[in-house]
Enquirer: 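Attaching a single structure in structure tokens format; questions to follow.
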Protein chains: 2
Amino acid sequence: MTHQTVGHPPRPGLPDDPLASVGEPTPSCPVEVTLAALRGRWTTLVIRELLRGDRTFSELRQALPALSDKVLSDRLAHLVQVGVLDRRRQADWPPRTHYGLTPHGRRLGPVLQALWDWGAQQPPPASEP
Amino acid sequence: MTHQTVGHPPRPGLPDDPLASVGEPTPSCPVEVTLAALRGRWTTLVIRELLRGDRTFSELRQALPALSDKVLSDRLAHLVQVGVLDRRRQADWPPRTHYGLTPHGRRLGPVLQALWDWGAQQPPPASEP
DNA sequence: CTGAATCCCTGCCGATACTG
DNA sequence: CAGTATCGGCAGGGATTCAG
């Protein structure tokens, strides 16, 4: 069976790392860190939109019409706080705010790709109750 | 998967797949599929435990002492339903139930690894509000 | 235009108690 | 041993309204 066990290169292993021994969900677990960053409905769609390039508040609202102002604002604030997004206000009038991914946020690309790849695989036919 | 790159200069982000144009969170988006599978507190820890090998209900409870019976039961049922886990009852007495990852579930390894890797990176110092 | 404040409703998850 | 039943607290998120 080819499975990652003891004795692999200096790569942080998932089940083998000491930190992977946490007995409860805690912010010190890197997996929890990432899931916390992606937490919340619409979050990944906002990131996807910004992976295509910088956007303003209105542009994001236009791209995601079913997303309310409040939640969009919440998501953006959250993503800025965890260092995924960068906010650049425009002193002009009308006030425009541009959002873009930080380098750290851009590294979420491979993560979303991994999520995409697994979800695109056909699961075995589940039995319905 | 059709990967028509539409002139992303330096860093192509998410796949430029037609499905990536969804305007709202929907089960048809593969990213949502995966996040739905991983949804819920304790879920990734249960998977991590089973990445190390098959476990019974009690063994999982022992490995995650702060997890209540009900939630553990919920998580296991959910993961079985989405095709991540495989349940094998023992007709014997006392009744033992063995849980193990399906091939599909085992492919979550790289996904969790991607989540781990990003979360393990040092984010830029967050600005204070 | 870009957000913050408020209200309400829903679903999660923890605790406890009970069954095959 | 391996779950299900039930209840309650609390946070997430949608709609609306108001402010800078």
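Just so it is clear, the values below take in all heavy atoms, side chains as well, and ignore hydrogens, waters and symmetry mates. No experiment lies behind these values; they were computed from the predicted model shown. Labels below follow one simple rule: chain letters A, B, ... track the order of the sequence lines, proteins then strands, and each chain is numbered from 1.
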Enquirer: When you measure from the side chain of B:Ser73, which nucleotide among D:dT4, C:dC13, D:dC1 comes out closest?
Expert: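 Ranking D:dT4, C:dC13, D:dC1 by closest atom to the B:Ser73 side chain puts D:dT4 first.
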Enquirer: Without hydrogens or angle criteria, can the side chains of A:Gln113 and A:Asp117 be said to hold a donor-acceptor pair below 3.5 Å?
Expert: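 Short answer, yes.
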Enquirer: May I ask you to say whether A:Asp54 pairs ionically with A:Arg88, meaning some side-chain N is under 4.0 Å from a carboxylate O?
Expert: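 Here A:Asp54 pairs with A:Arg88 in a salt bridge, since their nearest N and O are under 4.0 Å apart.
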Enquirer: Return no unless some side-chain N or O of A:Arg89 is found under 4.0 Å from OP1 or OP2 of C:dC1.
Expert: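 The answer is no; no side-chain N or O of A:Arg89 sits under 4.0 Å from OP1 or OP2.
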Enquirer: When you check the phosphate oxygens OP1 and OP2 of C:dG3, does a side-chain N or O of A:Tyr99 lie under 4.0 Å from one of them?
Expert: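 Result: yes.
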Enquirer: When the distance from CG of A:Leu67 to C1' of D:dG14 is rounded to whole Å, what number comes out?
Expert: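 Rounded to whole Å, this separation is 10 Å.
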Enquirer: Ignoring the backbone of B:Pro94, work out which of C:dC13, D:dC1, C:dC1 is nearest its side chain.
Expert: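 Nearest nucleotide to the side chain: D:dC1.
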Enquirer: On DNA chain D, compare the nucleotides closest to A:Gly40 and A:Asp69; which residue's is nearer the 5' end?
Expert: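 Checking each residue's closest nucleotide, the 5'-ward one belongs to A:Gly40.
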Enquirer: Ignoring hydrogens and angles, state whether a donor on the side chain of A:Thr97 or A:Arg89 is under 3.5 Å from an acceptor on the partner side chain.
Expert: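 On atom types as modelled, these side chains do not qualify, holding no pair under 3.5 Å.
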Enquirer: Side-chain N or O of A:Arg39 less than 4.0 angstrom from OP1 or OP2 on D:dA11?
Expert: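 Checking D:dA11 against A:Arg39, no side-chain N or O comes under 4.0 Å of OP1 or OP2.
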Enquirer: For C:dG3, does OP1 or OP2 lie under 4.0 Å from any side-chain N or O of A:Thr97?
Expert: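 Result: yes.
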Enquirer: Does A:Trp42 reach the side chain of A:Val71, with side-chain heavy atoms less than 4.5 Å apart?
Expert: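 Of all side-chain heavy-atom pairs linking A:Val71 with A:Trp42, at least one is under 4.5 Å.
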Enquirer: Between the base of D:dG3 and the side chain of B:Lys70, is there a donor and acceptor pair under 3.5 angstrom?
Expert: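 Donor-acceptor pair under 3.5 Å: no.
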Enquirer: B:Arg61 near the nucleic acid: base, sugar-phosphate alone, or nothing, with a heavy-atom cut-off under 4.0 Å?
Expert: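 Counting heavy atoms under 4.0 Å across all strands, no contact is made by B:Arg61.
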Enquirer: Verify the contact: side-chain N or O of A:Trp42 to OP1 or OP2 of D:dG12, cut-off strictly under 4.0 Å; return yes or no.
Expert: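 No, no such contact exists.
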Enquirer: Does A:Trp93 place a side-chain N or O at less than 4.0 Å from the phosphate oxygens OP1/OP2 of D:dG20?
Expert: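 Checking A:Trp93 against D:dG20: no side-chain N or O falls below 4.0 Å of OP1 or OP2.
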Enquirer: Does a side-chain N or O from B:Ser68 land closer than 4.0 Å to OP1 or OP2 of C:dA15, or not?
Expert: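 Negative; the distance criterion is not met.
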Enquirer: Between C:dG14, D:dG14, C:dG3, which nucleotide gets closest to the side-chain atoms of A:Arg41?
Expert: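 Output: D:dG14.
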